[in-house]
Amino acid sequence: MEPEKRKRGKSGDGSLSLRSEPGVTPQVWTLRLDLMPDLDTGKRRQVAGTFKGNEREAAVALADFVKLQRLKLHGNDPSELRDGSTLVKSTRPSASGTIGDLTWDDLFEKWIISPGKNLKRKADTTQYQERKRYERHVRPSFGKRLVSTTGHIEIQEFYDRLLSVSQRQDSEDEFVLSHTSVTRVHQLMRAMCKFGVRRDLILHNPYERISFSVRKLPVPVAPELAAVGQLLSWLSSNDPLLYFAARLAAECGLRRSEIIGLRWGAVGQDGLTGLKSVAVSSGVVVVPGRKKNEARYVTTETKTGRRGSGVLGIDDEFAKQIDKMWYQGMEEWFASPNKSPDHKFGDGYIFSDDFGETCWHPDTLTARLKRGRERALEQHPYGAILEITFKSLRAYTATRLQGLGFSAITATAVLRHEHNATAEKYYIAGNAAQERLATVAVGEELNRYFDE
């Protein structure tokens, strides 16, 4: 009888398969690694080895096997390895002219400007956030180190320090990174190493033997209808423009960047339904400029998801309020002696302090809503008002859509996500009232059975 062959998974670029018959102890495994095709013949090259032990031990052996073969490929002496910590004392360029190995600093600079899997450059905001994260946390510990001289135990201990040691040594307040923040650091370093392996910039990937448990996602929470209604009622009377922004977030699920980037030209009549609608195709984000305390307003494309169109309807009453605001703004613009002759009000930003020439800063929305919540609470003693944010209003949209009987697909399309799971994980909250009504419906069904 020939031994049964079963593919058991992958580790890095290597593959693992069972050679021995099921139930045989110890198990015999085949370790394989695909190399670059031969430059002269173009034929596929592969190296293989065997290992005896259980599946977990075989996976560890595969990682060491892959690392060893890569070192040989780049002309390094495998005897210089220190087992366990996966250190390499010296490196030198390969015969093909590739760099062979880089420091973390050098690898980051190449990775940050490289296109993603969709072949698009990283957004300015992404570059800024990742650079700040790298400079603040990774560079002090690993910046000048060669990536291949960094052991997986060192990286694991680095995570432990971020989770347990205060990051502000000049402050008496204890400040350790949250699990979410450390997860972002982990994702950054892992992405850099995967990029380095694909581009043949590092000798081996230290993340082949690193496990990091992602924090369990919190349960989505959405504000109640009564709290949203009372806040909007107060805003309508005291801050009409902020009311407009909050209503768009609650009714259409717009993101903060999409709200401040909205122009009057995006609001119009929908040919499909005949309703007043808002077309969402872009947003505005703020990134630091080259000079200190300088900010750049950057217009970015916004995602419409797999099924979303980016065009969202507005109810008749809200549509009348929008038209009223437009006419009032137009009259003020005509009457203003300070208006720019090169600017037309109808082409400008809706959320602006200079008749639409420049939009608000994203934090302006947040700060004004905070003040509005506090003042609204003085008139409406309903504590849940204080918990309302622009993000929670987006969750309110998704949750109410579900409560009104629309499908998860519709909620996903309105929020313009790629997958239904995103809306379910982060935005669609539970509905306590519906839970109670649902069990009542079960009871009424039983009553009808007994009546019959």
Side-chain angles (χ1 to χ4, degrees), residues 123-126 128-129 221-223 227-267 278-289 293-303 310 312 314 318 321-322 324-326 328-329 332 345 348-378 380 384-400 414-416 426-427:
D124 291 340
T125 49
T126 300
Y128 169 72
Q129 292 166 354
V221 177
V228 174
Q230 290 177 7
L231 176 60
L232 290 177
S233 176
W234 186 91
L235 291 176
S236 178
S237 302
N238 297 275
D239 193 341
L241 202 53
L242 185 61
Y243 163 79
F244 191 176
R247 181 71 183 249
L248 284 171
E251 185 168 331
C252 301
L254 265 61
R255 301 174 176 90
R256 193 177 66 163
S257 62
E258 294 167 343
I259 293 172
I260 63 168
L262 205 61
R263 295 178 181 267
W264 283 112
V267 181
V278 55
V280 185
S281 60
S282 63
V284 171
V285 294
V286 178
V287 297
N293 299 326
E294 180 187 71
R296 287 194 301 128
Y297 287 68
V298 180
T299 300
T300 61
E301 293 183 4
T302 189
K303 298 178 180 179
L312 303 164
I314 296 171
F318 186 30
Q321 296 171 338
I322 292 174
K324 183 180 178 180
M325 292 179 63
W326 186 87
Q328 288 178 346
E332 292 174 4
F345 175 79
Y349 292 104
I350 296 176
F351 302 98
S352 169
D353 293 326
D354 54 7
F355 302 110
E357 291 193 57
T358 56
C359 65
W360 285 352
H361 190 286
D363 291 342
T364 300
L365 280 178
T366 304
R368 287 178 68 153
L369 184 62
K370 181 178 182 296
R371 291 194 298 268
R373 290 195 306 259
E374 294 170 349
R375 295 183 61 187
L377 188 64
E378 297 173 1
H380 305 282
I385 291 177
L386 288 177
E387 300 174 4
I388 297 176
T389 64
F390 277 98
K391 184 174 182 179
S392 72
L393 287 175
R394 188 165 157 82
Y396 171 83
T397 307
T399 304
R400 291 307 303 154
V414 169
L415 268 61
R416 301 172 308 288
Y426 297 100
Y427 292 100

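Note: hydrogens, waters and symmetry copies are ignored here, and every other heavy atom, side chains too, is used. Sequence positions, counted from 1, serve as the residue numbers for this chain.
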Evaluate the criterion side chain to side chain contact (heavy atoms under 4.5 Å, CB included) for residue pair V278 and I322; output intermediate values, then yes/no. CA-CA 11 Å; V278 55; I322 292 174; over 6 Å; no

Test K391 against Y427 for side chain to side chain contact (heavy atoms under 4.5 Å, CB included), laying out the working first. CA-CA 9 Å; K391 184 174 182 179; Y427 292 100; 4.2 Å; yes

Evaluate the side chain to side chain contact (heavy atoms under 4.5 Å, CB included) criterion for residues L232 and Y243: first the C-alpha distance (whole Å), next the side-chain angles of each, then the deciding distance (0.1 Å), finally the verdict. CA-CA 6 Å; L232 290 177; Y243 163 79; 4.0 Å; yes

Any chance you could lay out the side chain to side chain contact (heavy atoms under 4.5 Å, CB included) test for L262 and V284, step after step, and finish with the verdict? CA-CA 9 Å; L262 205 61; V284 171; over 6 Å; no

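Looking at every heavy atom in both residues, L369 comes nearest to I388 through CD2-O, 3.9 Å. The minimum heavy-atom distance between T397 and C252, with the atom names listed, is CG2-C, 4.1 Å. The minimum heavy-atom distance linking F244 with I350 is given by the pair CE1-CG2, 3.6 Å. When all heavy atoms of I385 and R373 are compared, the pair lying nearest together is O-CD, 3.1 Å. Annotation for T366 and F390: closest pair N-CE1, 4.4 Å, computed over non-hydrogen atoms. Among all heavy-atom pairs drawn from S392 and E387, the shortest one is OG-O, 3.8 Å.
Inter-residue side-chain proximity for R371 and N238 is flagged as unmet; no heavy-atom pair is nearer than 4.5 Å. Residues T364 and I260 fail the side-chain proximity criterion, which asks for heavy atoms closer than 4.5 Å. No side-chain heavy atom of H380 sits less than 4.5 Å from a side-chain heavy atom of L231. A 4.5 Å side-chain heavy-atom check between T302 and S257 finds every atom pair outside the cut-off. Looking at T125 and V298, their side chains never come closer than 4.5 Å, going by heavy atoms from C-beta outward.
Residue pairs meeting the salt bridge (Lys or Arg N to Asp or Glu O under 4.0 Å) criterion with at least one member in residues 350-364, sequence neighbours excluded: R256-D363.
Ring planes of F351 and W360: tilted class, angle from 30 to 60°.
With values rounded to the nearest 0.5 angstrom, I259 atom CD1 is found 12.0 Å from C359 atom SG. In this structure, R394 CZ and E258 CD are separated by 6.5 Å, a value rounded to the nearest 0.5 Å. Going from atom CG of L365 over to atom OG1 of T389 covers 12.0 Å, rounded to the nearest 0.5 Å. Between the CG atom in L254 and the CG atom in L393 there is a gap of 11.0 Å [rounded to 0.5 Å]. Note that CG of L235 and CZ of R247 are 11.5 Å apart. Values are rounded to the nearest 0.5 Å. Going from atom CH2 of W264 over to atom CZ of F345 covers 5.5 Å, rounded to the nearest 0.5 Å.
The neighbour count for Y297 OH, taken as heavy atoms of other residues, nucleotides or ligands under 6.0 Å away, is above 12. Shown here is R375, whose CZ atom has no more than 12 heavy atoms of other residues, nucleotides or ligands within 6.0 Å.
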